[in-house]
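Below, chain A is the first sequence line, B the second, and so on; all start at residue 1. Please read these numbers as outputs of a predicted model, since none were measured by experiment.
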Amino acid sequence: MDYQPKDIEREVRNFWEKNRILQLLMKMREKDNVGVLGFVEGPPTLNGFPHIGHARGRIMKDLRFRWKTMQGYYVPFWAGWDCQGLPVELEVEKHLGVKNKRELLERVGEGRFVEECKKVIKKYYEAWLECDRKLGLFIDHGRAYWTYHDNYIEREWQYLKRAWEQGLLGEGYYVVAYCPGCQTSLSSAEVGYEGAYREVEDPSLFFKMKISMKENEFFLVWTTMPFTIVTDMMLAVHPEAEYAKVRVGDEVWILAKQRVEPVMEKLGIEKYEVIEVVSGKELEGIKYEYPFKDIVPKQKELDELSNVHVVVCEDFVDVETATGVVHLSPGNGEEDFIAAQKRNVPIYVPFDDECKFTDEAGEFSGLFARDADQKVIEELKKRGLLVNVETILHEYPTCWRSHHKLIWLARREYFLWTNKINSKIVEAAEKVEYFYEPPKNRFLSFLREGKPWCISRERVWGTPLPVWKCEKCGHKVLVATKKELLERALKSSEEEIELPELHKPWIDKITLKCEKCGGLMKREPFVLDTWHNSGASPYARFTDQEFEKYVPVDFLVEAIDQTRGWANSLLLEHVILTGKAEAPYKAFLFYGFVLDAKGRKMSKSLGNVIEVNPLLEKYSADLCRFYILWKCSPIDSMNFDVNEMMKRPYQVLSTIYHLHRFFMQNAEYDGFNPQKFSLEWAEKNKLLRQTEYWLLSKLQETIEEVTKRFEKCEFNFAMSKLEDFVVDVISRQYIPMIRRELWSDSPKTLNRRLAIYSTLWHVLKNTILLFNPATPFLSEFLYQKLYRQFDPSLPESVNFEKWPVADPKLRNIKLEEDFELLTKCISLVYSARQLAGLKRRWPLRKAVLIIPEEAKLSIQNLKSLFLELANVKEVEFSEKLPENYDAKRWSLASEGELTVLLDTFRDKSLIGEGLMRDLARRVQALRKDLGFVPTEILSEVHIANLSKESLGLIQPFLEELSELVRARKVYLHEEKPEIKAEEWHEFQLDKEKVNITIIP
RNA sequence: GGGCCGGUAGCUCAGCCUGGUUGGAGCGUCCGGCUGAUAACCGGAAGGUCGAGAGUUCAAAUCUCUCCCGGCCCA
């Protein structure tokens, strides 16, 4: 029976489900364990189908779970689903065919929209369940958490309550990308969508900013967004760069020294002179004349402040382009905004929701932002400040839906002021184990930026911000439980307050009475950033008691992009909640992306997305699991290639399967009973030989190495070690060493065969245990079909077994080295045979090994094995190559310190034996072709058309031949005899043609 | 534009941290062999300016710098 992984997997899946193996396992470990390892599922967002990148993470999670569970730990490996947020909303919008938020609210309404969101979640949930089932994930779906459920949301609110109490939650400005067409702000994810960046036309404007108190000195500034000059608050230079004062006519212009030449060339100014060079640092603090004070009264007012309209130093200033002097509009740019916040510069944002200037913008009032460009240019020209204007083409982010050019706007939002506790956060993060340096550095450097976290979103499907604000006095309260809300809610009449769930639109109907002034309090209309929603899972998904027990959790694994996502929000929220410099996880493995076979990112537009469910319709889950773990380090990006998967990885799993078949065929035939013929039994009766001790030693090495690699999350190295053990050690080396012994069915050697079975039983069983975390289907299948058949006293599932522990007593490094040397010498013998054209099955008289003294002892130790594998009658040792050996007779091969001389002379007896083995091989091939099982004994084998000479040569080995081919009698004929043969088969035997037939 | 990761045989990857004998493995190709567990396996051969350049050193795939190419994250 061939290896049919898909059939195996179907059968095992049914077995697990029917016998509730996962549930039994959980119960067993919950009751009886060597320790508890906390876990919380990084919830997949239910806005799409699982793809191979998701599978990569899930496979590693499952590996960790199965491995740690086998070690005896209890792990609450319970599922969880991320249900809210923009990604889900966008999926629903697509489904409903609405183009933007306004249309959504008008046409669909919030209530129905929320219901549609839930429908979408359900749909994708089914797909994810199927994915986990196919992958063989032992995650408990019965205990899953859902981020949109009321109980989850209420516990999520507790984080906000803690932040509120500590003064870490409040209002502020934040710069967001805003689409003037859709009239909504966009998330950063949307800004990064494929195709969002487009080549667009913009003005390219050089203008001057006059320095106050100086007659003719100016800063030369460049921008592609003239309208931002209306909201200009500062000029920025790079502190370390050199700036030149350049005389142009009777004016002095200041710009980056390295930019003088290119800019002057660009502006067509030939006559100029650099009169002084200063560092950016020296320019700091210079006040300049804001040009539109006369037409923008608010700017005139702001200009009175000492920190407005001055030069500042910022590292982000790029002196490689333009003039190296940047003007800052905190209301229209993120870096500008942060620079302003650092210096307590007020944020001036005179825009309404349609992105038109408000009355605060003086003469620009009523103009749409981008339409103000022209007026700005004219006004500059009027004041003699315009230097040059033209049009350029450049890449600029546009709205992925409407393709309007995006505008960056500071808007009032709610923040967690995590910047205030940044040192605690960084300290907490530094204590975490990340397994690899690069992702750790990436995460820590991101955290050290210490930006405040904008948690409000102007959307619908999310956790509502539980803050109510008084319309009259502006007083705010945070109400963090449903119970309290209902108690405090204002009742319009006698009717009951209805709050079916903690979502918009229902929650917005709740109004409160202001405790300060008695005014009406309405909820702030925001929902929370969905990352806050999932980041609350350690507290929100557990009970208080469970939280105590499982958090900080032991080990998490998510994709590398989660450094800015879940890993971050988990950490920030946990530090806020506990007030401690402690992360909610002790270890976090960030894994790399999965790319397509050619190394391209998977995307819908390329059509190269590999979805898990269709993939596993066609391919084996075990194989995908093994391949993904095996191919490269978890932190590397991985090119997923099914053709590659079907080569070496397939071979490894197939070999495990066939090793078991081989074992079973033989062991069954000899009536092996593992309880009776244990390894101890074999040992006690001195039935084990060096081959077995060597194999057992290699097993210990493998157990040790795999465990060590698992600890360090070096799954690829663990898999290579297993690959090597299965393919090289067992299949390629050990089996050929004992094959001849197993082929015999003599009762005299039965005990020896049983000893081999006891060794194979032990080694193979440990092997499938080591494989179980990676290939749970195959391991379970073999466990049920082989191990539990032979030994019904074994536990019900392979998952109930204990993880193997290396036994140092079985380790014999010297013996391993001897075997390594043996392998090398045998290779040399084959090489020498090759040169002389002598087949491996032809026995030869003698091999001479010219090897160092210690090596000689090693080979002598393994002499009989050497003779069998080399297929020579005797071996001799020599210290050096004889000076005048007969090169015609002796074939030589050498490598390094090792040299082999092989006697190529064959007498009649050797030729006859070789011929016999040739014939045996032909008969065996025929047996197999004709469908005889290996153990079946044939009554007669006839071999005809042999030359007289061959006949004579073979005669002495006839008995051995019949034993080899398992026939009662073998007859040799010169010509085809007249017997009742089924059919004669012709074979080419070197130059002769022989005919063979079998009579069963 | 910024940051990070990668570039080693036709392909997929080790080796680099801690510099030192002729730079490895698997797959693929060619020749030959072996095989009653295997979709395998074994021997041999062909195949590398270790992305490019410079530096440090007695010595560089390995350390430093610059550049080029690919990928990712963020602007």
Side-chain angles (χ1 to χ4, degrees), chain A residues 1-4 177 188-189 191-192 197 315-318 320-321 333-335 395 397 408 436-443 445-446 449 559-565 592-593 595 597-601 627 630-633 635-639 641 643-666 716-717 720 723-724 726-728 730-733 735-736 739 742-743 823 826-835 837-842 869 871 893 896 917 920-921 923-929 931-936 964-966:
Chain A
M1 194 67 84
D2 277 348
Y3 173 46
Q4 300 290 353
S188 55
V191 177
Y197 277 73
D315 286 335
F316 66 74
V317 174
D318 179 14
E320 307 282 325
T321 58
E334 191 179 12
E335 282 173 327
E395 296 260 306
W408 307 90
Y436 294 89
E437 285 296 313
K440 173 185 180 178
N441 295 338
R442 182 184 157 128
F443 188 38
S445 67
F446 167 72
E449 288 175 18
I560 184 75
D561 58 344
Q562 296 301 321
T563 46
R564 281 160 186 279
F593 275 80
L595 311 174
K598 290 176 188 153
R600 296 171 309 185
K601 193 183 174 180
Y627 171 55
W630 166 88
K631 163 137 179 172
C632 57
S633 160
I635 62 159
D636 289 337
S637 56
M638 174 194 178
N639 301 357
D641 183 354
N643 290 323
E644 180 180 53
M645 178 169 83
M646 288 312 290
K647 287 175 179 165
R648 184 71 176 178
Y650 182 91
Q651 184 203 328
V652 175
L653 301 197
S654 166
T655 302
I656 298 172
Y657 175 85
H658 284 283
L659 281 169
H660 281 82
R661 271 198 59 212
F662 173 77
F663 170 78
M664 194 144 152
Q665 268 174 11
N666 288 283
N716 52 325
F717 290 119
S720 308
E723 169 193 7
D724 177 72
V726 167
V727 174
D728 263 44
I730 311 182
S731 174
R732 216 191 79 207
Q733 297 187 62
I735 297 296
R739 181 173 268 145
L742 293 190
W743 187 238
T823 311
I826 297 293
S827 286
L828 288 174
V829 171
Y830 293 160
S831 184
R833 275 178 175 272
Q834 163 99 18
L835 287 169
L838 296 166
K839 291 182 188 174
R840 210 150 98 192
R841 60 172 104 86
W842 291 349
L869 294 171
N871 197 13
R917 303 263 308 253
R921 161 85 192 102
V923 176
Q924 297 289 47
L926 186 58
R927 276 187 66 131
K928 196 178 182 181
D929 275 353
F932 293 98
V933 291
T935 45
E936 196 167 340
L964 279 178
V965 301
R966 292 212 170 189

What I'd like to find out is whether the side chain of A/Y3 reaches to under 4.5 Å of the side chain of A/I656, using heavy atoms alone.
no
B/C67 and B/A75: how far apart are their C1' atoms, nearest whole angstrom?
24 Å
If you check the A/D636 side chain, which of B/A14, B/G71, B/C13 turns out closest?
B/A14
For nucleotides B/G48 and B/G19, find the distance between their P atoms and express it as a whole number of Å.
29 Å
Separation of A/N441 atom CG from B/C4 atom C1', in whole Å?
9 Å
Within this structure, what is the CD1-to-C1' distance between A/I656 and B/A37, rounded to whole angstrom?
13 Å
Roughly how many Å is it from NZ in A/K440 to P in B/C5, rounded to a whole number?
14 Å
Who does B/C27 pair with, Watson-Crick or G-U, both distances under 3.5 Å?
B/G10
Can you check the A/I560 CD1 to B/C74 P distance for me, whole Å?
11 Å
In the structure shown, which nucleotide is the Watson-Crick or G-U wobble counterpart of B/U49, with both distances under 3.5 Å?
none
For B/C42, does OP1 or OP2 lie under 4.0 Å from any side-chain N or O of A/Q733?
no
Could you measure between the two P atoms, the one in B/U35 and the one in B/C42, and give it in whole Å?
15 Å
Output yes when a side-chain donor or acceptor of A/R833 lies under 3.5 Å from a complementary backbone atom of A/K839, and no otherwise.
yes
Phosphate OP1/OP2 of B/C42: any A/R841 side-chain N/O under 4.0 Å
no
Among B/C27, B/A37, B/C13, which nucleotide sits nearest the side chain of A/T655?
B/A37
Closest nucleotide among B/G33, B/U38, B/U12 to the A/E644 side chain
B/U12
Rounded to whole Å, the CG-P distance (A/D724 to B/A14) equals 17 Å
Taking the P atom of each, how far is B/C17 from B/G51, in whole Å?
15 Å
For the side chain of A/S731 and the base of B/A37, is some donor closer than 3.5 Å to an acceptor across the two?
yes
RNA chain B: 5'-proximal contact among A/L659 and A/S445 (nearest heavy atom):
A/S445
In Å and rounded to the nearest 0.5 Å, what is the NE2 to CD1 distance from A/H658 to A/I735?
13.5 Å
Side chain to side chain, A/V829 and A/R840, heavy atoms closer than 4.5 Å:
no
Within a strict 4.5 Å, meaning less than it, do heavy atoms of the A/Y627 and A/E644 side chains meet?
yes
Applying a 4.0 Å non-hydrogen cut-off, can you work out what A/Y650 is touching in the nucleic acid: base, sugar-phosphate, or nothing?
base
Suppose you measure atom C1' in B/A61 against the same atom in B/G6; what distance do you get, rounded to whole Å?
15 Å
Separation of B/G6 C1' from A/I635 CD1 (nearest whole Å)
11 Å
Respond yes when some side-chain nitrogen or oxygen of A/R564 is under 4.0 Å from OP1 or OP2 of B/C73, and no when none is.
no
Return the pairing partner of B/U64 with a 3.5 Å limit on both distances, Watson-Crick or G-U wobble; otherwise return none.
B/A54
Side-chain donor/acceptor contact of A/R739 with base of B/A37 under 3.5 Å:
yes
Distance between the C1' atoms of B/C5 and B/A45, in whole angstroms?
37 Å
Tell me, with the steps shown, if A/Q924 and A/R921 meet side chain to side chain donor-acceptor pair (under 3.5 Å).
CA-CA 5 Å; A/Q924 297 289 47; A/R921 161 85 192 102; over 6 Å; no
Give the nucleotide from the list B/U12, B/A40, B/G43 with an atom nearest to the side chain of A/Y830.
B/G43
Residue pair A/D641/A/Q924 against RNA chain B: nearer the 5' end by closest nucleotide is A/D641
Presence of A/K631 side-chain N/O under 4.0 Å of B/C13 phosphate oxygens OP1/OP2:
yes
What's the closest nucleotide to the A/S827 side chain, out of B/C73, B/A37, B/G43?
B/G43
dist A/Y436:OH -> A/N441:CG (nearest 0.5 Å) comes out at 14.5 Å
Rounding to an integer number of angstrom, what distance separates B/G15 and B/C73 when you compare their C1' atoms?
28 Å
Counting only side-chain N and O atoms of A/R442, is one of them less than 4.0 Å from OP1 or OP2 of B/C72?
no
Suppose we define a pair by two distances each less than 3.5 Å, Watson-Crick or G-U wobble; what does B/G1 pair with here?
B/C74
Atom C1', compared across B/U12 and B/A37: separation rounded to whole Å
28 Å
Rounded distance (Å) that lies between atom C1' of B/C41 and atom CZ of A/R732:
8 Å
Side-chain N or O of A/S654 versus OP1/OP2 of B/A39: is the shortest distance under 4.0 Å?
no
Side-chain donor/acceptor of A/K631 to backbone N/O of A/N639, under 3.5 Å:
yes
Rounded distance in Å - CD (A/Q562) to P (B/C74)
10 Å
Pairing partner (Watson-Crick or G-U wobble, both distances under 3.5 angstrom) of B/U21
none
